[in-house]
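First up is the structure itself, then whatever we jot down about it.
Letters go in sequence order (proteins before strands), and every chain restarts at 1.
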Protein chains: 2
Amino acid sequence: MTTDHGALRLWLRLLACTNLIEAPLRQQLRRSFGESLPRFDLMAQLERHPQGLSMRELSERLMVTGGNVTGLTDRLVSQGWVMRQAAPGDRRRVTVRLTAAGRRQFKLMAREHEAWVQSLLGGLDPADQTQLFELLGRLKRSLRNPSIRTAPADRAPR
Amino acid sequence: MTTDHGALRLWLRLLACTNLIEAPLRQQLRRSFGESLPRFDLMAQLERHPQGLSMRELSERLMVTGGNVTGLTDRLVSQGWVMRQAAPGDRRRVTVRLTAAGRRQFKLMAREHEAWVQSLLGGLDPADQTQLFELLGRLKRSLRNPSIRTAPADRAPR
DNA sequence: TATTGTTATACTCTATAACTATA
DNA sequence: TATAGTTATAGAGTATAACAATA
């Protein structure tokens with residue numbers, strides 16, 4: 001690499017791999033269940049948090065704006081996979097949870113989903129998979145915890 | 001996890017990392033240049049192929065349908081960054097290339113883009129970066145070349 | 001007949017901002 | 001005033017299918 005560009009090349013490769021996996025997964029999710037990846041992700045968050053999450057927490061975890069979480073949730077509610085509950089103590093707040101049917105549906109989708117993922121990743125040596133998992137963990141931590149900012153921070157003022 | 005789930009966990013982690021990087025990049029790209037990631041990616045493909053690419057090739061590389069490539073290209077043409085040329089020898093075919101202005105604009109964006117990427121990835125140990133780059137290369141090859149299909153193949157017929 | 005590319009359509013996701021109701 | 005959530009709107013991305021021109 002002539003003038004480094006290491007970080008950029010790493011990012012492009014990361015993006016390429018993600019897209020190579022994500023594109024078929026999205027297609028299969030839609031064809032088999034008529035579901036979109038953002039809605040699947042929302043349900044996955046709720047699966048991991050059985051006590052429910054507020055709209056704000058969902059917004060942060062899914063990294064989309066509040067208005068969009070409302071839209072995603074509306075659709076999931078109308079499908080019957082998700083419910084809104086009044087949160088105790090703060091009447092502004094809403095708690096979103098999976099319904100019993102939503103939990104069943106999610107498990108169904110997750111099982112298929114996992115089979116597809118295994119099929120896609122099956123070509124990679126298991127030892128490499130393990131190592132990759134570990135390295136991505138470090139990357140993730142460094143992204144969530146930008147202790148060292150080499151470039152001008154993007155504190156997102158506004 | 002009890003029953004392995006290794007591949008799924010690897011995928012979820014990969015996706016999380018990509019999203020943590022992609023979200024701020026998309027915002028910055030829009031705020032600084034009013035550009036979207038798909039259009040940036042299309043320009044990046046053309047930058048790598050100065051002789052131009054056909055709509056079909058773009059469709060494959062960007063992994064979106066032909067109709068969508070037409071739409072992306074239309075917008076880039078109206079902005080003046082990209083041009084359509086008749087392909088010699090096959091009058092159905094169109095060759096898409098960067099204009100001189102488009103090449104300048106892309107270089108400008110790419111420079112900013114790279115600085116953002118370096119800032120985001122700067123928290124990861126350089127040795128880990130190198131190793132991650134290598135492993136992702138293997139993953140990418142295995143995805144492009146599914147020599148061993150452990151699960152029922154998704155040959156994507158039609 | 002098959003391929004290349006365009007057009008049309010419908011749906012979804014995204015960002016922004018104004019708004020309500022609480023706090 | 002600030003926060004939680006909703007609503008409204010506009011702009012894009014996506015998938016599908018029908019279509020024209022060419023091979």
Within 6.0 angstrom of Arg56(A) CZ, more than 12 heavy atoms from elsewhere: no

Side chain proximity check, Trp81(A) to Arg39(A), heavy atoms < 4.5 angstrom: no

Axial bend angle, the helix from dT1(C)-dA23(D) to dA23(C)-dT1(D): five-pair end segments, nearest 10°: 10°

Contact list for residues 92-102 of chain B, test side-chain hydrogen bond (donor to acceptor under 3.5 Å, both in side chains), sequence neighbours left out: Asp90(B)-Arg92(B)

Touch class at under 4.0 angstrom, heavy-atom based, for Ser36(B) against every strand present: sugar-phosphate

5′-ward residue of the pair Gly67(A)/Pro38(A) relative to DNA chain C: Pro38(A)

Thr18(A) side chain vs Leu14(A) backbone, donor-acceptor pair below 3.5 Å: yes

Between dT6(C) (P) and Arg93(B) (CZ): distance, integer Å: 13 Å

Atom-pair distance (CG on Asp41(A); P on dT12(C)), nearest Å: 16 Å

Spacing between Gln28(A) atom CD and dT14(D) atom C1', to the nearest angstrom: 17 Å

Smallest separation among heavy atoms of Leu25(B) and Trp116(B), with atom names: CD2-CB, 3.6 Å

Separation of atom CG in Leu42(B) from atom C1' in dT14(D), rounded to whole Å: 15 Å

Given DNA chain D, 5'-ward residue of the pair Val94(A) and Ala23(A), judged by closest heavy atom: Val94(A)

Side chain of Val64(A) - closest among dT14(C), dT16(D), dC13(C): dT14(C)

Val77(B) and Val82(B): CA distance, side-chain angles, deciding distance, side-chain contact (heavy atoms from CB on, under 4.5 Å) verdict: CA-CA 5 Å; Val77(B) 167; Val82(B) 146; 3.9 Å; yes

Within residues 51-61 of chain B, residues whose heavy atoms come under 4.0 Å of DNA chain D: none

Whole angstrom value for the distance that separates C1' of dT14(C) from CZ of Arg31(B): 13 Å

Donor-acceptor contact present, side-chain Gln129(A) to main-chain Leu121(A), <3.5 Å: yes

First encountered from the 5' end of DNA chain D, between Arg30(A) and Asn68(A): Asn68(A)

Interface residues of residues 70-92 of chain A with DNA chain D (non-hydrogen, below 4.0 angstrom): Thr70(A), Arg84(A), Arg92(A)

Atom-to-atom span, CG of Leu25(A) to P of dA15(D) - whole angstrom: 13 Å

Set of residues satisfying side chain to side chain contact (heavy atoms under 4.5 Å, CB included) with respect to Asp125(A), sequence neighbours excluded: Ala127(A), Asp128(A)

Distance in Å, Arg61(A) CZ paired with Asn19(B) CG, rounded so as to fall on 0.5 Å steps: 14.5 Å

Residues which pass side chain to side chain contact (heavy atoms under 4.5 Å, CB included) with Arg91(B), listed by chain and number, not counting sequence neighbours: none

Arg30(B) CZ: over 12 foreign heavy atoms closer than 6.0 Å: no

Expected output: side-chain Ser54(B) to main-chain Val94(B) donor-acceptor under 3.5 Å: no

Atom pair distance, as rounded to whole Å: CZ in Arg26(B) and C1' in dT14(C): 8 Å

Spacing between Glu35(A) atom CD and dC11(C) atom C1', to the nearest angstrom: 13 Å

